[in-house]
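So the structure is just underneath, and the comments pick up after that.
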Amino acid sequence: MTKKPAANPQIKLWMAAIKPPMYSVAIMPIWVGTAVAFSETKNFNLAIFSTFIAGAILILAWENISNDVFDSETGIDKNKHHSLVNLTGNKLLIFWLGNLCLVTGLLGIMAIGIWQNDPTVVGLIVLCCALGYIYQGPPFRLGYQGLGEIICFFAFGPLAIAAAYYSQTQSWSMTSLAASVIVGMATSLILFCSHFHQVKDDIAAGKRSPVVRLGTAKAAQVLYGCTGSIYALILLFVWWGMFPGWTLLSWLSLPYAFQLCRHVQQNHHLPDKVSNCKFIAVNIHFWCCLLLGVGFMLVGG
């Protein structure tokens, strides 16, 4: 039996740099906000939804690309072989590629504002972009102060979901605000998990991430509470009558939650072994948010 050839290491590095699974972070807020709107109004504008998804993906690409550029300036990515700047050796090219993604993405969002003759969605997304910049960009670099998870919560939770809901209804909703808490927490969980394997590099670059501040052992314990609270809140919102019972479908993502907490608890002090925990967190985010939206859609249908 012939052995399967090993994957090209360079291709693996490029895939790690591009991070395809991470783009669910851009899609899910739009999906959940739109699903809540559909459950309440029974209306769904496919053109706006599709344009919003495309714009959100491009804006997240800008954030990921520009983060590699800004991190290259602080030296925190010197051991990160899958940094786009390290892979290409051309920081200027990567910087302008990121800006091109940002401008193209914002043009899509502006198209929504023009169609609706209402700048509200554009304003909300520009605010999201501003938060994305101050998270990592100079002179702010608030992520280096351990504020990244808070910024991430608001940008991908309340602001993004409010924009998605408003794009479909041109109104506001307390239910979408409650849903945004779930999505925001699930998104911040990914960022929180991304710190476990790079504590030494973070300390060397002066980055005081929550995991650096807490230490990996305590951060692993905090992870249990953060992960469990997502599911507890969904149950609470169903009990209060804010969410339909169908949104409990999101609990089908619990096996990933158990896997994540167990994996980090066992390997929090082993960078090579714990480095994949953020991808388990991506699975939680994707399936929990996808099924949460499905629950709302089933009511709307």
Side-chain angles (χ1 to χ4, degrees), residues 18-20 22-70 84 92-138 140 142-143 148 151-173 175-177 179-180 183-184 187 285 289 293 296-297:
I18 298 167
K19 304 189 262 291
M22 299 295 284
Y23 285 88
S24 66
V25 168
I27 294 167
M28 287 303 130
I30 316 307
W31 161 246
V32 173
T34 300
V36 175
F38 181 69
S39 75
E40 294 182 346
T41 67
K42 310 297 184 287
N43 292 322
F44 173 66
N45 189 314
L46 179 60
I48 286 177
F49 176 73
S50 304
T51 303
F52 212 146
I53 290 285
I57 288 172
L58 285 163
I59 290 169
L60 184 62
W62 158 73
E63 187 164 350
N64 287 337
I65 292 168
S66 61
N67 281 352
D68 276 1
V69 172
F70 299 140
L84 286 168
L92 192 62
L93 171 67
I94 299 302
F95 174 73
W96 285 111
L97 178 63
N99 287 339
L100 178 63
C101 289
L102 174 63
V103 170
T104 310
L106 284 176
L107 284 173
I109 305 301
M110 287 171 64
I112 295 172
I114 292 168
W115 292 339
Q116 297 186 324
N117 196 26
D118 186 337
T120 304
V121 171
V122 180
L124 287 169
I125 297 304
V126 166
L127 186 52
C128 288
C129 293
L131 288 176
Y133 181 82
I134 65 173
Y135 160 65
Q136 203 80 321
F140 308 99
L142 296 187
I151 292 170
C152 185
F153 171 83
F154 284 103
F156 292 96
L159 288 174
I161 287 192
Y165 182 91
Y166 194 93
S167 72
Q168 293 286 328
T169 66
Q170 291 187 274
S171 63
W172 310 105
S173 161
T175 302
S176 73
L177 179 60
S180 75
V183 178
T187 310
H285 175 274
C289 296
F296 281 111
M297 281 289 191

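Numbers here are sequence positions counted from 1.
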Sequence neighbours left out, what passes ring pair (Phe, Tyr, Trp, His ring centres under 6.0 Å) with Tyr166? Give chain and number order.
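Ring pair (Phe, Tyr, Trp, His ring centres under 6.0 Å) check on Tyr166 returns Trp172.
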
For a 4.5 angstrom cut-off between non-hydrogen side-chain atoms, does [X] reach [Y]?
{"X": "Cys128", "Y": "Phe156", "value": "no"}
{"X": "His285", "Y": "Ser24", "value": "yes"}
{"X": "Leu177", "Y": "Tyr165", "value": "no"}

Quick one: do Tyr23 and Asn64 satisfy side-chain contact (heavy atoms from CB on, under 4.5 Å)? Show the steps, please.
CA-CA 10 Å; Tyr23 285 88; Asn64 287 337; 3.5 Å; yes

Only distances under 3.5 Å count here; give the side-chain donor-acceptor pairs of residues 93-114 to other protein atoms, sequence neighbours excluded, each with its distance to 0.1 Å.
residue, atom, partner, partner atom, Å
Thr104, OG1, Leu100, O, 2.7

Say whether Glu40 and Thr169, considering side chains only, have a donor N or O and an acceptor N or O under 3.5 Å apart.
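No - no donor-acceptor pair under 3.5 Å links their side chains.
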
Establish, from distance only, whether the side-chain atoms of Tyr135 and Glu63 form a donor-acceptor pair under 3.5 Å.
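The answer is no; no qualifying pair exists.
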
Main-chain N/O of Asn45 paired to Gln168 side chain as donor or acceptor, under 3.5 Å:
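Here the side-chain-to-backbone pair exists.
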
Phe44 atom CZ: more than 12 heavy-atom contacts under 6.0 Å:
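Count over threshold, so yes.
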
Quick one: closest heavy-atom pair of [X] and [Y], and the distance?
{"X": "Ser180", "Y": "Ile161", "result": "CA-CD1, 3.5 Å"}
{"X": "Pro158", "Y": "Phe153", "result": "CD-O, 3.2 Å"}
{"X": "Ile125", "Y": "Ala163", "result": "CD1-CB, 3.8 Å"}
{"X": "Thr51", "Y": "Ala47", "result": "OG1-O, 2.7 Å"}
{"X": "Ala56", "Y": "Ala26", "result": "O-CB, 3.5 Å"}
{"X": "Ala35", "Y": "Gly293", "result": "CB-O, 3.4 Å"}

Straight-line distance of [X] [atom1] to [Y] [atom2], nearest 0.5 Å:
{"X": "Ile65", "Y": "Leu58", "atom1": "CD1", "atom2": "CG", "answer": "9.5 Å"}
{"X": "Thr41", "Y": "Phe38", "atom1": "OG1", "atom2": "CZ", "answer": "7.5 Å"}
{"X": "Phe52", "Y": "Ile30", "atom1": "CZ", "atom2": "CD1", "answer": "4.0 Å"}
{"X": "Cys129", "Y": "Leu124", "atom1": "SG", "atom2": "CG", "answer": "11.0 Å"}

Filter on ring pair (Phe, Tyr, Trp, His ring centres under 6.0 Å), then keep only pairs touching residues 111-134, sequence neighbours left out; what's left?
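Of all non-adjacent pairs touching residues 111-134, those that pass ring pair (Phe, Tyr, Trp, His ring centres under 6.0 Å) are Phe70-Tyr133.
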
side-chain contact (heavy atoms from CB on, under 4.5 Å) for Ile48 and Val121? Distances and angles first, verdict last.
CA-CA 11 Å; Ile48 286 177; Val121 171; over 6 Å; no

